[in-house]
Visitor: 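Pasting a structure here, questions to come.
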Amino acid sequence: MTRDAAKVVMELSTGATPTWDMMLVTDAHYATLFTNGALEKFDWVGTFGVDPKAIFYDGTSVAYATQFVAPAYNKQLVKTAEVPKKWEDLLDPKWQGKIGVTTAHHHWARLGQLWGDEKTSKYLQTLASQKLVRGRIPETYTRLLLGEILVSATLTDSYIDEAREKGAPVAFVDSVDPIIGTQYLAAPLKGARSKNAALLFAAHLLSSEGQAVWFKSQGQSSMFVKGSQAHEFAQKRNVALLEYKFATTRFE
């Protein structure tokens, strides 16, 4: 996703037509598109009746699917009494060398918005001292399955769903507060060849029919669509979302 977002930004910076009419990627990657002028504002509410809560980045894009993120563990190797229940539990020295951490660094940024710089910095410095095993999300999930690590500091619920379907020994720690929420966004890219088709497709993804199809094929739905599984899940939890101001800040 990072590579593809960068590709679009480069294409637009040279005046070329983007390879794709729209991209179905996370809110963190849409921040890159937005801050580099790859998106255009649109009246989603007036045209399609989209819930304003589902509209991101100054009216340019909509959130059609939510991924919840929390620690995960190998339930065959971690006793019930030892399962971490809070983010702070990952700092226990007993987990040294046994925790996997993914390259999806934007997960921590969402917690940082709620915790503030001082607490977040102290937490991550202590976590880093735990002799972490680093890797991409798929690699971390595989290591968790194989028992090469016992805990993943963060893992998306899509992998938990996969584990459940296959009977794999990986479980979610959804008791953490807050739980992290990442969004998959949709919007036409600036200069898209088929802008209107992209707009219609994005709006369809937020309809009850579109949500049903996406849930059946991907196991995801939007926490901003009432009646969806994600919406019901979010009602019972404090969800840390990526704030507009934080996501679009440029750091020198």
Visitor: Tell me whether the rings of Phe42 and Phe48 are parallel (<30°), tilted (30 to 60°) or perpendicular (>60°).
Guide: tilted

Visitor: Keeping Ser194 on the side-chain end and Ala197 on the backbone end, is there a donor-acceptor pair under 3.5 Å?
Guide: no

Visitor: Among all residues two or more places apart in sequence or in another chain, which pass the side chain to side chain donor-acceptor pair (under 3.5 Å) test with Asp177?
Guide: Asn238

Visitor: Any non-hydrogen side-chain atom of Trp87 less than 4.5 Å from a side-chain atom of Pro178?
Guide: yes

Visitor: Determine the minimum heavy-atom distance between Val176 and Ala70, stating which atoms define it.
Guide: CG2-CB, 3.9 Å

Visitor: Between Phe233 and Phe68, is the gap from one ring center to the other below 6.0 Å?
Guide: yes

Visitor: State, with a plain yes or no, whether a side-chain heavy atom of Leu241 is found less than 4.5 Å away from one of Gln113.
Guide: no

Visitor: Would the distance check show the side chain of Ser121 and the main-chain N or O of Glu118 forming a donor-acceptor pair, the cut-off being under 3.5 Å?
Guide: no

Visitor: Partners of Phe172 by ring pair (Phe, Tyr, Trp, His ring centres under 6.0 Å), sequence neighbours excluded?
Guide: none

Visitor: Less than 3.5 Å apart, any donor N or O on the side chain of Gln220 or Thr66 sitting next to an acceptor on the other?
Guide: no

Visitor: Quick check on the 6.0 Å ring-centre criterion: do Trp115 and Trp108 meet it?
Guide: no

Visitor: Do Val9 and Thr32 come close enough that some side-chain heavy atom pair is under 4.5 Å?
Guide: yes

Visitor: If the test is side chain to side chain donor-acceptor pair (under 3.5 Å), which one of Gln67, Arg110, His106 qualifies with Asp27?
Guide: Arg110

Visitor: Considering only heavy atoms from C-beta outward, does the side chain of Thr26 approach that of Leu185 to under 4.5 Å?
Guide: no

Visitor: For Glu139, enumerate each residue passing the side chain to side chain donor-acceptor pair (under 3.5 Å) test, keeping only those at least two apart in sequence or located in another chain.
Guide: Arg136

Visitor: Tell me every residue that passes side chain to side chain donor-acceptor pair (under 3.5 Å) with Glu11, counting only those two or more places apart in sequence or in another chain.
Guide: Thr19

Visitor: For the pair Asn36 (side chain) and Ala38 (backbone), establish whether a donor and an acceptor sit closer than 3.5 Å, ignoring hydrogens and angles.
Guide: no

Visitor: Tell me, with the steps shown, if Leu91 and Leu127 meet side chain to side chain contact (heavy atoms under 4.5 Å, CB included).
Guide: CA-CA 6 Å; Leu91 306 182; Leu127 182 64; 3.9 Å; yes

Visitor: Charged N to carboxylate O under 4.0 angstrom, Lys166 versus Glu162?
Guide: yes

Visitor: I'd like to check the side chain to side chain contact (heavy atoms under 4.5 Å, CB included) partners of Ser208; sequence neighbours left out, ordered by chain and number.
Guide: none

Visitor: Between Lys7 and Asp4, does any NZ, NE, NH1 or NH2 come within less than 4.0 Å of an OD or OE carboxylate oxygen?
Guide: no

Visitor: What closest approach, in Å, do Leu39 and Pro188 show between heavy atoms, and which atom pair accounts for it?
Guide: CD2-O, 3.9 Å

Visitor: Is Phe224 close to Phe56 at the side-chain level, that is, under 4.5 Å between some pair of heavy atoms?
Guide: yes

Visitor: Atom CG in Leu124, atom NZ in Lys119: separation rounded to 0.5 Å?
Guide: 11.5 Å

Visitor: Is Thr47 reaching over with its side chain to a backbone N or O of Trp44, donor-acceptor style, under 3.5 angstrom?
Guide: no

Visitor: Any side-chain to backbone donor/acceptor pair from Asp157 onto Ile160? Under 3.5 Å, distance only.
Guide: no

Visitor: Show the nearest heavy-atom pair for residues Thr120 and Gly116, with the distance to one decimal.
Guide: OG1-O, 2.7 Å

Visitor: Report the C-alpha separation of Met23 and Met1 in whole Å, then their side-chain angles, then the decisive distance to 0.1 Å, and conclude whether the side chain to side chain contact (heavy atoms under 4.5 Å, CB included) test is met.
Guide: CA-CA 9 Å; Met23 297 181 70; Met1 294 185 188; over 6 Å; no

Visitor: So which heavy atom on Ala16 is nearest to which on Leu12, and how close?
Guide: O-CD2, 3.8 Å

Visitor: If two hydrophobic side chains count as joined below 4.5 Å and joins carry through other members, does Met223 share a cluster with Val213?
Guide: no

Visitor: Any side-chain heavy atom of Ser61 sitting closer than 4.5 Å to one from Ile55?
Guide: no

Visitor: Does atom CD (Gln235) have a neighbourhood of more than 12 heavy atoms from anything else shown, all under 6.0 Å?
Guide: yes

Visitor: Identify the heavy atoms of Phe201 and Met22 that sit nearest to each other, and give their distance.
Guide: CD2-SD, 3.4 Å

Visitor: In terms of hydrophobic clusters joined by side-chain contacts under 4.5 Å, are Leu206 and Leu200 together?
Guide: yes

Visitor: Is any side-chain heavy atom of Val8 closer than 4.5 Å to a side-chain heavy atom of Leu189?
Guide: yes

Visitor: Go through the steps to decide whether Ile99 and Gln130 satisfy the test side chain to side chain contact (heavy atoms under 4.5 Å, CB included), and finish with yes or no.
Guide: CA-CA 7 Å; Ile99 299 178; Gln130 291 281 62; 4.2 Å; yes

Visitor: Just to verify, what does Tyr73 make a ring pair (Phe, Tyr, Trp, His ring centres under 6.0 Å) with, not counting sequence neighbours?
Guide: none

Visitor: If we ignore hydrogens and angles and just use 3.5 Å, is the side chain of Asp92 paired with the main-chain N or O of Asp89 as donor and acceptor?
Guide: no

Visitor: Identify, with sequence neighbours excluded, every residue that meets salt bridge (Lys or Arg N to Asp or Glu O under 4.0 Å) alongside Lys41.
Guide: Asp58

Visitor: Mind jotting down which residue pairs meet the salt bridge (charged side-chain N to carboxylate O under 4.0 Å, His left out) criterion with at least one end in residues 225-239? Sequence neighbours excluded, please.
Guide: Asp174-Arg237

Visitor: Write out all pairs satisfying salt bridge (charged side-chain N to carboxylate O under 4.0 Å, His left out) with one or both partners inside residues 192-206, taking only residues at least two apart or from two chains.
Guide: Glu40-Lys195

Visitor: In the single-linkage hydrophobic clustering (I, L, V, M, F, W, Y; side-chain heavy atoms under 4.5 Å), do Ile180 and Tyr123 co-cluster?
Guide: yes

Visitor: After noting the C-alpha distance and the side-chain angles of Val83 and Val173, does the key distance pass the side chain to side chain contact (heavy atoms under 4.5 Å, CB included) rule?
Guide: CA-CA 8 Å; Val83 173; Val173 185; 4.2 Å; yes

Visitor: For Lys85, does the NZ atom sit with more than 12 other heavy atoms under 6.0 Å from it, leaving out its own atoms?
Guide: yes

Visitor: Anything under 3.5 Å between a donor and an acceptor, one on a side chain of residues 141-153, the other on a protein residue two or more places apart or in another chain? List them.
Guide:
unit_1, atom_1, unit_2, atom_2, d
Thr142, OG1, Pro138, O, 3.0
Arg143, NH1, Arg134, O, 3.0
Ser152, OG, Thr154, O, 2.7

Visitor: Hey, what do you get for NZ (Lys86) to OG (Ser175), rounding to the nearest 0.5 Å?
Guide: 10.0 Å

Visitor: Please verify the inter-ring angle class for Trp214 with Tyr64; under 30° counts as parallel, over 60° as perpendicular, anything in between as tilted.
Guide: perpendicular

Visitor: Report whether Leu77 and Val101 are members of the same hydrophobic cluster (ILVMFWY, side-chain heavy atoms less than 4.5 Å apart, transitive linking).
Guide: yes

Visitor: Would the distance check show the side chain of Tyr159 and the main-chain N or O of Thr140 forming a donor-acceptor pair, the cut-off being under 3.5 Å?
Guide: no

Visitor: For residues Ala168 and Lys75, report the shortest heavy-atom separation together with the two atoms involved.
Guide: O-CE, 4.2 Å

Visitor: Consider only side-chain N and O atoms of His29 and Thr2, and report whether a donor and an acceptor are under 3.5 Å apart.
Guide: yes

Visitor: Identify, with sequence neighbours excluded, every residue that meets ring pair (Phe, Tyr, Trp, His ring centres under 6.0 Å) alongside Trp95.
Guide: none

Visitor: Could you check whether any side-chain heavy atom of Leu155 comes within less than 4.5 Å of a side-chain heavy atom of Pro71, counting everything from C-beta outward?
Guide: no

Visitor: Quick one: which residue pairs count as a salt bridge (charged side-chain N to carboxylate O under 4.0 Å, His left out) with a foot in residues 205-220, not counting sequence neighbours?
Guide: none

